[in-house]
2 protein chains.
Amino acid sequence: MNPEPRNSRVSETPDPPSRGPQLSEQVAQRLSDAIQAGEWGRGARLPTEAALGERFGISRSVVREAISMLRNGGLVTSRRGSGSFVAESPTVSLRLAIPDPDLQSVVEVLELRRPLEVEAARLAAERHTPSQLRRIRNAMADIDEAVEAGLSGVDQDLAFHRAIAEAANNSHFTAVLDFYNRFLHQAIRVTRTNESLRDTFMQQVVAEHQAILDAIAAGDGEAAARAAATHLEHAETRLRQAPTDLLERVEAQRGSASISSTESTGGNSR
Amino acid sequence: MNPEPRNSRVSETPDPPSRGPQLSEQVAQRLSDAIQAGEWGRGARLPTEAALGERFGISRSVVREAISMLRNGGLVTSRRGSGSFVAESPTVSLRLAIPDPDLQSVVEVLELRRPLEVEAARLAAERHTPSQLRRIRNAMADIDEAVEAGLSGVDQDLAFHRAIAEAANNSHFTAVLDFYNRFLHQAIRVTRTNESLRDTFMQQVVAEHQAILDAIAAGDGEAAARAAATHLEHAETRLRQAPTDLLERVEAQRGSASISSTESTGGNSR
DNA sequence: ATTTAACATCTTGTCTGACAAATTTGGCGC
DNA sequence: GCGCCAAATTTGTCAGACAAGATGTTAAAT
C-alpha cells in the first residue's frame, strides 16, 4: 500500500548508495576496505547483518551477498547463531584462467614449472623421509603399470612429480605445482596419448624418471636437480615435436567438454 | 518433540536436500559438479534461479547464494535481466593464508621464490626490451632515493624485483611473485626497518642489485641467474640474522588486534 | 558454593512474496 | 526485411517471517 520510491523511507539517508555497477559489490568493497583499514581486527566479530544494513542504508540481502563475497575471498568466516568474524588468517588468492590451451600458453607454464620442479627435486634429495621415498618409487611403478595396461599414464605421471614435490617438505611447492597441474593436465594428456609417439617417448621418460629417483634416493641434491632439469627440457622438446597434433586435438574437444575445475567451496570433512 | 522436517510442504520432494553443513554450499557444489560434468557448456546460459530452486527443492535465496559462490569462484557470470552463464574461461585459484609471519613460514616462501627469481633473471637477461631495462634501472634508482629520504625502501625493492620479473616476458612469473609478495611484504619490512642493520645491509643489497642489473643489461642469462641466486641467498642470511628482532616486532603488532578466545574445536573447515 | 539444567535472547541461515531494473522477445507498422 | 514499442523474462533488491544454532542468564540440584 505504499508505492513510494523505495528510498523515501530514509528521512536521513545514512549513506546514499551511489548508483553504480553492483550494489552488493560496492558494499563488499567498502567492507573489505574497512577491514583492511583495521576497523575490526583479526578474529573480531563484525556488526550484525542488520546493523550493517542500517549503516550502509541497504537491506539485509545485500549485506549477506557482500559478506558472502568476503567469505569466499577468505576474508571473513561466518558461524550460524554467532556472527561473522574477520578471518584469523586472511588469504590472498592467485587465479588463472583456463582458456583453450594453445602451445604458447603451455610453454609459458612449463617455463615456470621447470625451475620449481628442479628445486623441488633438489630439496627432495636432501630432505625426503623413507616413506616419502617409498611413495615416489610406488608412483613410478604405477606409471609402468598404467602404460602396460594401455592407459595414458598421465595421472600417474603427475602423481610421480607430485610425490617428489611432497618429499621437498615445503607445502608451497605442492600448492603451486598442483595449481598449474590443473592447467597442464589436458595438454599433457593430449601429447601423451599420441599413439605414434608413445612408445619411443616412454622409454626416454622412464629413463629420465629413474635418474631423478636415483639421485633423490642417493641424497644427491645437485644430481637430482640436474636430472630434473634434463627431464623437463626433454619434456618441452617432446611437446614441441607434436604441436600440430596438439592443436588438432584441442580443437576437436572444444565443443563438448568444459575443462576446468574450481574449488569454489572447500572440501567437505565428511 | 516433533522434529517434523521443514520440507513437509512439498508433497513430492523433487530432491531431498540432505542434512548437512551448509545447504547453499551443497547446492553450489552440485552446480559446480554439473557444470564440470558438461551439463552446460562454456558460455551457456544455465536455468533461471526459480527453475534451479525447483530442481533442487530449495528457495531462490539459496540458489542465489550458491550462484554467488560460483560467481566469486570465477565459474559463472550473471547479467541482470538476462541470466547466469557458465564462464567462457573458467579459472583455478590458489590461496595462501597470511598468518602472523614467523621465521619458518617466511623461509619456506623464500625457498620457493628463489628458483623463480633466478629463472626470471635469466629470462630477463635474454628477452628484455629496452624499455623494460630502463624500468629496472629506474626502480633501482628509486631504492636509493627512498633510502636517502629515510624510508625503508621496501616497496621500491619489491618494485625492482617485479620489474625484473616483467622483463622475463612471461606473465606467470609476475603473477606468482606478486602473489607471494603479499605474504612477504610485512616480513621484509620488519627486517629492513631494523635501524642497526640497515646501513651495512643496504650496501650489500645495492651491490647485489647492481650485479643483477649488469648481467641483465649484458644479456648474459647465466650471470644474471648466478647474481640473483647470490642475492637471494644473502637475503635469507640477512633475514636469519635478525630472527629475534622479527619475532619481537611481530609480537608487538599483535597487541592492537584483539585476539579473542580461540575456540579449540574451531579450526577452519575451508 | 559449585555444577547442572532450563530458559531467554541474539545471530545467521532459509523461506516467502513482492517490486525494481535490465534484457530479451514478439508484434506492429512500414 | 527493418525499426520501434510493448510485453514477457530474469536478475537485483527490498521486506518480513521463521528455523537452527550459539551465547549468556537464571534457577535448581547436589
Side-chain angles (χ1 to χ4, degrees), chain A residues 1-10 13-28 44-72 76-86 265, chain B residues 1-10 13-28 31 44-54 56-72 76-86 260-261 263-266 269:
Chain A
M1 63 184 259
N2 192 354
E4 264 179 297
R6 72 170 196 275
N7 264 347
S8 64
R9 59 186 168 78
V10 277
T13 50
D15 208 336
S18 64
R19 299 275 159 257
Q22 289 300 107
L23 187 48
S24 51
E25 275 188 28
Q26 300 176 37
V27 176
R45 184 175 63 216
L46 43 89
T48 69
E49 294 169 351
L52 288 174
E54 189 177 351
R55 167 170 168 176
F56 291 115
I58 57 180
S59 76
R60 211 186 129 204
S61 313
V62 179
V63 174
R64 284 189 59 75
E65 286 238 10
I67 289 184
S68 171
M69 294 182 193
L70 302 188
R71 190 168 42 229
N72 287 12
V76 308
T77 62
S78 298
R79 290 202 297 272
R80 177 200 209 123
S82 181
S84 291
F85 303 79
V86 179
T265 59
Chain B
M1 179 66 188
N2 189 355
E4 198 170 354
R6 72 170 189 282
N7 265 344
S8 61
R9 58 181 171 78
V10 276
T13 51
D15 208 334
S18 63
R19 301 266 161 261
Q22 292 297 109
L23 188 48
S24 51
E25 277 190 26
Q26 299 176 37
V27 175
L31 274 177
R45 184 176 67 211
L46 41 90
T48 68
E49 293 170 350
L52 287 175
E54 191 177 350
F56 292 116
I58 56 179
S59 76
R60 211 186 128 203
S61 313
V62 179
V63 174
R64 283 189 60 74
E65 287 239 8
I67 289 183
S68 170
M69 295 181 192
L70 302 188
R71 190 170 40 231
N72 289 1
V76 308
T77 62
S78 298
R79 290 202 296 275
R80 177 202 208 115
S82 179
S84 291
F85 303 80
V86 178
S260 56
S261 63
E263 297 296 87
S264 55
T265 61
S269 56

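Lettering of chains follows the sequences in order, A, B, ..., and the numbering in each one begins at 1.
Not counting sequence neighbours, the partners of A:Glu49 by the side chain to side chain donor-acceptor pair (under 3.5 Å) test are A:Arg60, A:Arg64. In terms of the salt bridge (Lys or Arg N to Asp or Glu O under 4.0 Å) criterion, B:Arg79 has no residue partners (sequence neighbours excluded). In this structure, the side chain to side chain donor-acceptor pair (under 3.5 Å) partners of A:Ser78, at least two apart in sequence or on a different chain, are A:Arg71, A:Ser84. Shown here are the side-chain contact (heavy atoms from CB on, under 4.5 Å) partners of B:Ala44, two or more places apart in sequence or in another chain: B:Trp40. For the side-chain contact (heavy atoms from CB on, under 4.5 Å) test, residues two or more places apart in sequence or in another chain that qualify with B:Ala51 are B:Pro47, B:Thr48.
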Check the interface with nucleotides 11-13 of chain C: list each N/O to N/O pair with the protein under 3.5 Å, or write none.
unit_1 : atom_1 : unit_2  : atom_2 : d
C:dT11 : O2     : A:Gly81 : N      : 3.3
C:dT12 : OP2    : A:Glu49 : N      : 3.2
C:dT12 : O4'    : A:Gly81 : N      : 3.4
C:dG13 : OP2    : A:Arg64 : NH1    : 2.8
C:dG13 : OP2    : A:Arg64 : NH2    : 3.2
C:dG13 : N7     : A:Arg60 : NH2    : 2.8
C:dG13 : O6     : A:Arg60 : NH1    : 3.4

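Nucleotide D:dG12 holds its C1' atom 19 Å from the CZ atom of A:Phe56, rounded to whole Å.
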